[in-house]
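Read the structure below first, then the notes.
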Amino acid sequence: MRREAVMVRVRFAPSPTGYLHVGGARTALFNWLFARHSQGTFILRIEDTDRTRSTEESIDQIVEAMRWLGLDWDEYCRQTDHSDAHQVAAESLLDADLAYEHEGAWWFRVPKEGQTVVHDELLGDVSFQNEQLKDFAIRRSDGTFVYNFAVVVDDADAGITHVIRGDDHLNNTPKQIFLYHALGRPLPRFGHLPMILGPDRTRLSKRHGVTSVLEYRRRGLLPGAMVNFLARLGWSHGDQEIFTREELVSLFSLESIGSSSAVFEEGKLRWLNQQHMKAADPTRLAHEVRPFLLERGGVTEAVWDAAGEERLARGVALLRDRSGTLVDLAEVMTILFPLPLSAEEKVALDAEKRDLVRAVIAAFEPVDPFTPEAVERAMREALDERGAKLKDVAQVCRIAVTGRSVGPSLFDTLAVVGRDLVLGRLQAALAGATA
RNA sequence: GGUCCCGUCGUCUAGCGGCCCAGGAUAUCGGGCUCUCAUCCCGAAAACACGGGUUCGAAUCCCGUCGGGACCA
């Protein structure tokens with residue numbers, strides 16, 4: 001029993017003329033998943049031949065976005081490194097009379113009859129009548145090479161086995177096939193992915209709002225959630241919605257990619273992000289929110305570190321249920337730190353409630369350790385003695401301690417905020433109400 | 001305009017001839033849980049673009065129409 005040892009080699013080839021957008025990211029992801037699934041090689045090739053529009057800044061942004069998504073590459077190169085190879089290949093076509101010069105540009109001779117069929121891994125066989133195709137330029141009069149020519153030379157030289165890209169390139173494929181043949185290079189397999197569209201069903205672009213991958217990082221999305229979301233745009237595995245990166249790698253296959261285009265809508269992304277936050281290890285998640293809390297200004301590194309890893313993890317575990325993003329989580333996590341509360345609600349205290357709050361304070365003072373169970377016991381006892389119900393003070397305490405009327409279980413909240421902060425804030429509420 | 005691709009709930013999708021008067025998820029609405037909100041649980045509404053075939057039987061195969069998209073001009 002022998003298996004043919006075809007090492008998969010795929011690439012993602014963005015042009016550095018802007019940030020990495022979600023469409024490009026999905027193409028990169030599918031290539032990456034395919035490579036990792038088949039233990040092949042994933043190459044990042046920057047198509048920077050268009051000197052006037054390519055920028056170093058774009059390259060940095062793309063690289064950063066790829067890193068954030070966790071799409072690591074095994075080889076890296078730039079198209080401009082291959083200019084010599086393009087020249088040599090183009091001259092060979094000229095020498096063989098497969099191309100000719102006309103008004104300074106070099107043109108490839110397209111056969112006038114027969115048909116060319118693309119054996120697409122996703123679409124099946126797609127036929128083109130050669131007579132429909134016209135001769136096309138491979139080198140411009142200024143000496144630069146045309147896209148369709150450069151990619152073929154690059155892919156052939158890199159030994160790319162599968163060209164997986166957006167189906168906006170499907171119509172270019174027969175031309176590229178001619179070039180592979182003319183150059184005497186083996187044909188790779190092709191797989192054309194359906195496009196991602198905006199809500200108006202046209203090709204996704206900047207005017208559709210946020211499409212930059214890094215913008216989603218800024219908004220507090222987890223890369224794992226983004227990857228999960230992008231993968232599900234076109235790819236599926238039965239009814240499963242939530243996937244870890246590892247599951248994606250092991251389950252991925254080209255056959256399970258759909259053939260119709262998908263509309264990019266963020267609705268599910270937020271839900272998916274929450275699911276990933278809920279599933280995350282609290283300590284790791286705490287690490288992920290950290291920059292968002294530091295950004296808010298109030299929390300310094302010293303304040304953060306003083307809070308303690310264990311307590312922060314507990315806070316994260318408690319507060320993440322009502323947070324769709326790291327930004328939301330950071331917002332509510334501020335209650336854990338000894339900082340002034342951004343009170344969204346005012347504490348409303350009448351004489352009766354003031355007495356209850358005083359009683360609660362007194363009951364909390366000796367509680368040690370300040371666990372949810374101990375807090376609940378102390379509070380209920382104090383209330384029972386006065387014939388009061390939890391309802392009577394729960395919201396008052398919540399607002400006094402968190403500045404908000406919504407949040408997790410009161411006892412859990414109080415426990416994680418800690419006795420000192422809780423007592424201080426309850427006192428402050430009494431003082432404020434007196435004034 | 002030419003060529004090519006695509007067409008299942010608003011959106012992402014399952015479905016690869018009978019398991020489908022179409023399943024899941026999200027979003028929406030209603031209910032439950034509860035110290036609040038959220039999570040969570042339960043429920044409702046919501047789709048096979050249309051018309052012809054093929055077949056005992058079609059969302060699934062074929063043809064046409066319409067619609068959308070992309071590429072090239």
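Just so you know, these numbers use all the heavy atoms, side chains as well, and skip hydrogens, waters and symmetry mates.
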(request) If B/U3 has a Watson-Crick or G-U wobble mate with both distances under 3.5 Å, name it; if not, just say none. (result) B/A70
(message) Return the pairing partner of B/C56 with a 3.5 Å limit on both distances, Watson-Crick or G-U wobble; otherwise return none.
(response)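 Looking at the geometry, B/C56 pairs with B/G18.
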(request) Taking only the side-chain heavy atoms of A/Leu410 (C-beta and beyond), determine which of B/C71, B/U8, B/C35 contains the nearest atom. (result)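 Nearest to the side chain of A/Leu410 among the choices is B/C35.
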(request) Compare the minimum distances between each of B/C4, B/A38, B/A70 and the side chain of A/Val126, then state the nucleotide with the smallest one. (result) B/C4
For the residue pair [X] and [Y], establish whether any side-chain heavy-atom pair is separated by less than 4.5 Å.
{"X": "A/Gln274", "Y": "A/Arg320", "result": "no"}
{"X": "A/Thr55", "Y": "A/Pro16", "result": "no"}
{"X": "A/Leu319", "Y": "A/Leu329", "result": "yes"}

Has the side chain of [X] got a donor or acceptor atom that lies under 3.5 Å from a matching backbone atom of [Y]?
{"X": "A/Ser236", "Y": "A/Arg232", "result": "no"}
{"X": "A/Arg284", "Y": "A/Pro282", "result": "no"}
{"X": "A/Ser15", "Y": "A/Thr17", "result": "no"}
{"X": "A/Arg217", "Y": "A/Trp68", "result": "no"}

Grab the [atom1]-[atom2] distance between [X] and [N] for me, whole Å please.
{"X": "A/Asp125", "N": "B/C4", "atom1": "CG", "atom2": "P", "result": "14 Å"}
{"X": "A/Lys134", "N": "B/C71", "atom1": "NZ", "atom2": "P", "result": "17 Å"}
{"X": "A/Leu197", "N": "B/G7", "atom1": "CG", "atom2": "C1'", "result": "12 Å"}
{"X": "A/Ile257", "N": "B/U13", "atom1": "CD1", "atom2": "C1'", "result": "14 Å"}

Distance, [atom1] atom - from [M] to [N], rounded to whole angstrom:
{"N": "B/G1", "M": "B/A44", "atom1": "C1'", "value": "49 Å"}
{"N": "B/G23", "M": "B/A47", "atom1": "C1'", "value": "12 Å"}
{"N": "B/U13", "M": "B/G18", "atom1": "C1'", "value": "23 Å"}

(request) Over 60° means perpendicular and under 30° means parallel, so classify the ring planes of A/His86 and A/His82, tilted if in between. (result)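 It falls in the perpendicular class, over 60°.
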(request) Would you please classify the geometry between the A/Phe108 ring and the A/Phe178 ring as parallel, tilted or perpendicular, with 30° and 60° separating the classes? (result) parallel
(request) Let me know, please, whether A/Thr202 or A/Trp235 comes out on the 5' side of the other along RNA chain B by nearest nucleotide. (result) A/Trp235
(request) Tell whether A/Glu241 reaches the base of B/G24 with its side chain through a donor-acceptor pair below 3.5 angstrom. (result)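 Answer is yes: a donor-acceptor pair is held.
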(request) State whether the distance check finds a donor on one side and an acceptor on the other, under 3.5 Å, for side chain A/Ser261 versus base B/C6. (result)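 Result: no qualifying N/O pair found.
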Under 4.0 Å between any heavy atoms, over every strand shown, what does [X] touch: base, sugar-phosphate, or nothing? Just pick one.
{"X": "A/Ser259", "answer": "sugar-phosphate"}
{"X": "A/Gly234", "answer": "sugar-phosphate"}
{"X": "A/Arg203", "answer": "sugar-phosphate"}
{"X": "A/Leu123", "answer": "sugar-phosphate"}
{"X": "A/Phe229", "answer": "nothing"}
{"X": "A/Pro408", "answer": "base"}

(message) Considering only residues two or more places apart or on different chains, which pairs with a residue in residues 379-398 of chain A satisfy salt bridge (Lys or Arg N to Asp or Glu O under 4.0 Å)?
(response)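 Sorted result for residues 379-398 of chain A: A/Glu376-A/Arg380.
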(request) Check RNA chain B against residues 318-327 of chain A and give the residues with a non-hydrogen atom under 4.0 Å, in numerical order. (result)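 Heavy-atom contacts with RNA chain B come from A/Asp321, A/Arg322.
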(message) Using OP1 and OP2 only, check whether a side-chain N or O of A/Ser236 sits under 4.0 Å from B/A14.
(response) yes
(request) Check whether any side-chain N or O of A/Arg201 sits under 4.0 Å from OP1 or OP2 of B/U11, and answer yes or no. (result)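 Yes, because at least one side-chain N or O of A/Arg201 sits under 4.0 Å from OP1 or OP2 of B/U11.
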Could you list all N or O pairs between the protein and nucleotides 26-33 of chain B that sit under 3.5 Å apart?
unit_1, atom_1, unit_2, atom_2, d
B/U26, OP1, A/Trp271, NE1, 3.3

(request) In plain terms, say whether A/Arg377 and A/Glu373 are close enough for a salt bridge, that is, a side-chain N and a carboxylate O under 4.0 Å apart. (result) no
